[in-house]
Amino acid sequence: MPGLDAIRSLCLLAVWTMFGPGACGFTHAQLGTPITDFELTSLDGPKQHLFGPEELNAILYFRPGQDFSLMALQEVAAVQKELAGRSIYWVAVVPGHTPDKDAQGEARQAGLAMPVLMDEGDRLYGQLGVAQLPVVVMIDHGHRLAAYESFRKVNYQAVVRARLRFLLKEISEQEMAEALNPPAATTDSDEAAAHRRLTLAARLLHDGKYDAALNSVAVSLERNPTAEAYLLRGDILAAQGKCADAAASYNEALKLEPANERAKAGVTCPAKP
Amino acid sequence: MIRASQFFPVDAPRSAAWWQRAVSTVASVAAVLIVLQGLAASAAAQTASPHRKTPLRTVAAHTVVSKPAATPASSSRWAPVTITEKNATSHAPFEAGDCSICHQNSDPANPGPVKTSGNDLCMGCHDDFKQILSRKYPHPPSQKNCLSCHNPHNSNHPKLLLEEAGTLCTSCHKSIHDTVQNAKVKHDALTNDRQCANCHNPHGANVEHLLVQLPMQLCLDCHGKDNVLDHNGKKLTNMKALLAANPNHHGPIAGDDCSACHQTHGGDNFRLLTNNYPSAFYAEWDAKNYALCFGCHDEKAFTSPETTELTQFRDGSRNLHYVHTNKNDMGRTCRACHEVHASTQDHHIRESVPYGSKGWPLKINYTKTPTGGSCSRTCHATKTYNNSSKDAAAKP
């Protein structure tokens, strides 16, 4: 239906705006562009159509002998294996001037389970507006360009997998966005360090090492002042018999968390042994 | 299986003050034994870690005095060390003098075995690492044993590391050590501040190669500032500002992948480029000179005099990339017309080129048209090209 097609094109455009690569001067064909199916010569011999009947067509366009292409072959082989059984028609394409045996051998060695076709006359290259190889191109069931992912040395497999799964409606936009822009792998946040110090302080309190426990809880409060930390400090002070200080610490906790039941109940001082 | 004897093979851990007193009272005996033990430890440790650059730790006096001959250097790897460095770190429970946080006894003279084996002991307090070690790309040694890299008592290095960070990492990652050592062009990120940990998370990450973030985000942490200098003191471009001011980004940048063109651990080409790229405006045509670009761009687009598919920079079928670059004497290199990172114009066309000895900016005056474009009053008289036509020959 033309109306649905229009909506689908608009959706594709919106997704491209949100998750497509940044502005790139060497522009390939725009997402949503109709891509013409045609027959290419397979390196196995017979001619073969570019597209299959599956829901999605995934085309790996690579250059034999090129370092990045060799890396991409392995990455795409892994994705293909992982997504086996999905409705994806996979083909690899090499430029028309590529020696047959190199392309076929490299594809087999990488574990690609897909026909390798030769782009005679660089027809597909021109149609897609390719400027950089390798690239994985995804074409939807209506033969429109749905995604275009040039090779990247880091996380290429994750990016290709996420694009395909999104187009197959297996993951949400947010999940794809997280795959394309993974969160920073931070370690040792103030919160985590403060929590560790609290754990230590509680153990030191249990062992009767009150001064050491107070030092530890002080470090925790410095990095992340929480009601939990003030309550523990109050407990340590109570164990030392410093009831006024303990009550003051509980009050600090109450200021931070007025609904905190322990803070509202107040400290037991001197603490029970 | 981690045994208590690995932590305290000979004697109990004691506070720094205790050791200072011990050293002062048995100094004359200990000094001799320290030297002997140090020599033995040095020989053993260098066998295990051939790339060690930093001085070996001084073996604690108590270890030497108690059982010097029976203490294999490898098992003292996690014993307390004598603090000599300003970046020294001490584990909080050890600092608090409460051995029973980790050991079965609280007596420093006899702490006994650890309460729990393996990383479970560490996770008792460092519970945030359960999540960190389960990230998509964990570092196997950290999953296996925190003690692969950390001393559980104290260290002369940050983060309780057994060695200086770079030395520790390259004791396993030897090829990186060789790359760094042999590189003609150095990347200071490997030797400054947190060294390898400037870019990698040694516990686990959400990006391949244990990168803390995607490459470009990482690179811009340093290269997104003014006044950043290279290894030789040359001022580097603020890339964050450049990319913000130039919205047309080169493909690898659009893919957040600086490593497509730059060797992050060091290399032999200027600007840490991964392959050959002409540094000058003119160069005799030789495909080898453009190995960097041809890593992604098809060389055939520059060696074919005629094409209707391989490039849009053609007049009819006349390939104008070929016309500009493929010359025996003064072929124009990529930089003659293109910005390599980002530009305001499409196709990464630069606005001007440096001209003459003083680098006066000569405007290219490129204008894009629906079917091609033109350059006017620049390196040559105004010329237009039309890539919708099959006719050859650029028009004056």
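Only this structure's heavy atoms are used, side chains among them; waters, hydrogens and symmetry mates stay out. Every chain is numbered from 1 and lettered A, B, ... according to where its sequence line falls, protein lines coming before strand lines.
To the nearest 0.5 Å, atom OH of residue A/Tyr156 and atom CG of residue B/Asp257 are 11.5 Å apart. In this structure, A/Phe68 CZ and B/Cys296 SG are separated by 5.0 Å, a value rounded to the nearest 0.5 Å. Rounding to the nearest 0.5 angstrom, the gap separating the CG atom in A/Asp122 from the OG atom in B/Ser304 is 8.0 Å.
With a 6.0 Å radius and a threshold of 12 heavy atoms from other residues, nucleotides or ligands, B/Lys288 has its NZ atom at or below the threshold. Counting non-hydrogen atoms of neighbouring residues, nucleotides and ligands closer than 6.0 angstrom, the NZ atom of B/Lys115 exceeds 12 such neighbours.
Only the side chain of B/Ile132 comes within less than 4.5 Å of a heavy atom of chain A; its backbone N, CA, C and O stay farther away. Interface remark: A/Pro95 contributes side-chain atoms only to the contact with chain B (heavy atom separation under 4.5 Å). Heavy-atom distances place both the backbone and the side chain of B/Pro93 under 4.5 Å from chain A. The part of B/Leu214 that comes within reach of chain A is its side chain, from C-beta onward, which places non-hydrogen atoms under 4.5 angstrom from that chain. Both the backbone and the side chain of B/His126 come within less than 4.5 Å of a heavy atom of chain A.
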- Step by step, would you call A/Arg196 with B/Phe129 a side-chain contact (heavy atoms from CB on, under 4.5 Å)? CA-CA 11 Å; A/Arg196 282 201 296 275; B/Phe129 277 79; 4.0 Å; yes
- Message: Pair A/Arg152, B/Met216 - check side-chain contact (heavy atoms from CB on, under 4.5 Å), show working.
- Response: CA-CA 11 Å; A/Arg152 53 184 82 180; B/Met216 195 172 76; over 6 Å; no
- Task: Using the side-chain contact (heavy atoms from CB on, under 4.5 Å) rule, take A/Arg203 and B/Asp98 through it: C-alpha gap first, then chi angles, then the decisive distance, then the call.
- Result: CA-CA 9 Å; A/Arg203 292 185 181 198; B/Asp98 191 348; 5.9 Å; no
All N/O donor-acceptor pairs, side-chain side in residues 201-208 of chain B, below 3.5 Å, sequence neighbours left out:
from: B/Asn201; atom 1: OD1; to: B/His203; atom 2: N; distance (Å): 2.9
from: B/Asn201; atom 1: OD1; to: B/Gly204; atom 2: N; distance (Å): 3.4
from: B/Asn201; atom 1: ND2; to: A/Ala185; atom 2: O; distance (Å): 2.8
from: B/Asn201; atom 1: ND2; to: A/Thr187; atom 2: OG1; distance (Å): 2.6
from: B/Asn206; atom 1: ND2; to: A/Pro183; atom 2: O; distance (Å): 2.9
from: B/Glu208; atom 1: OE1; to: A/Asn155; atom 2: N; distance (Å): 2.8

Return all side-chain donor-acceptor pairs below 3.5 angstrom for residues 60-67 of chain A, not counting sequence neighbours, or 'none' if the list is empty.
from: A/Tyr61; atom 1: OH; to: A/Asp119; atom 2: OD2; distance (Å): 2.6
from: A/Arg63; atom 1: NH1; to: B/Phe294; atom 2: O; distance (Å): 3.1
from: A/Arg63; atom 1: NH1; to: B/His297; atom 2: O; distance (Å): 3.1
from: A/Arg63; atom 1: NH2; to: B/Phe294; atom 2: O; distance (Å): 3.3
from: A/Gln66; atom 1: OE1; to: A/Ser69; atom 2: OG; distance (Å): 2.3
from: A/Gln66; atom 1: NE2; to: A/Leu133; atom 2: O; distance (Å): 3.1
from: A/Gln66; atom 1: NE2; to: B/Gly295; atom 2: O; distance (Å): 2.1

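Residues B/Gln217 and A/Asn181 share a closest heavy-atom pair of NE2-OD1, 3.9 Å. Closest of all the heavy-atom pairs between A/Gly126 and B/Glu309 is CA-OE1, 3.0 Å. The minimum heavy-atom distance between A/Gln132 and B/Pro252, with the atom names listed, is NE2-CD, 4.0 Å.
Residues of residues 206-224 of chain A placed with any heavy atom under 4.5 Å of a heavy atom in chain B are listed by number as A/Asp207, A/Lys209, A/Ala212.
Looking only at side-chain heavy atoms (C-beta outward), B/Asp128 and A/His195 stay at 4.5 Å or farther from each other.
Your options are B/Lys159, B/Arg135, B/Glu339, and the one with the most heavy-atom pairs under 4.5 Å with chain A is B/Arg135.
Not counting sequence neighbours, A/Lys242 has no partner by the salt bridge (charged side-chain N to carboxylate O under 4.0 Å, His left out) test.
No side-chain donor-acceptor contact under 3.5 Å links A/Lys153 to the backbone of B/Ala260.
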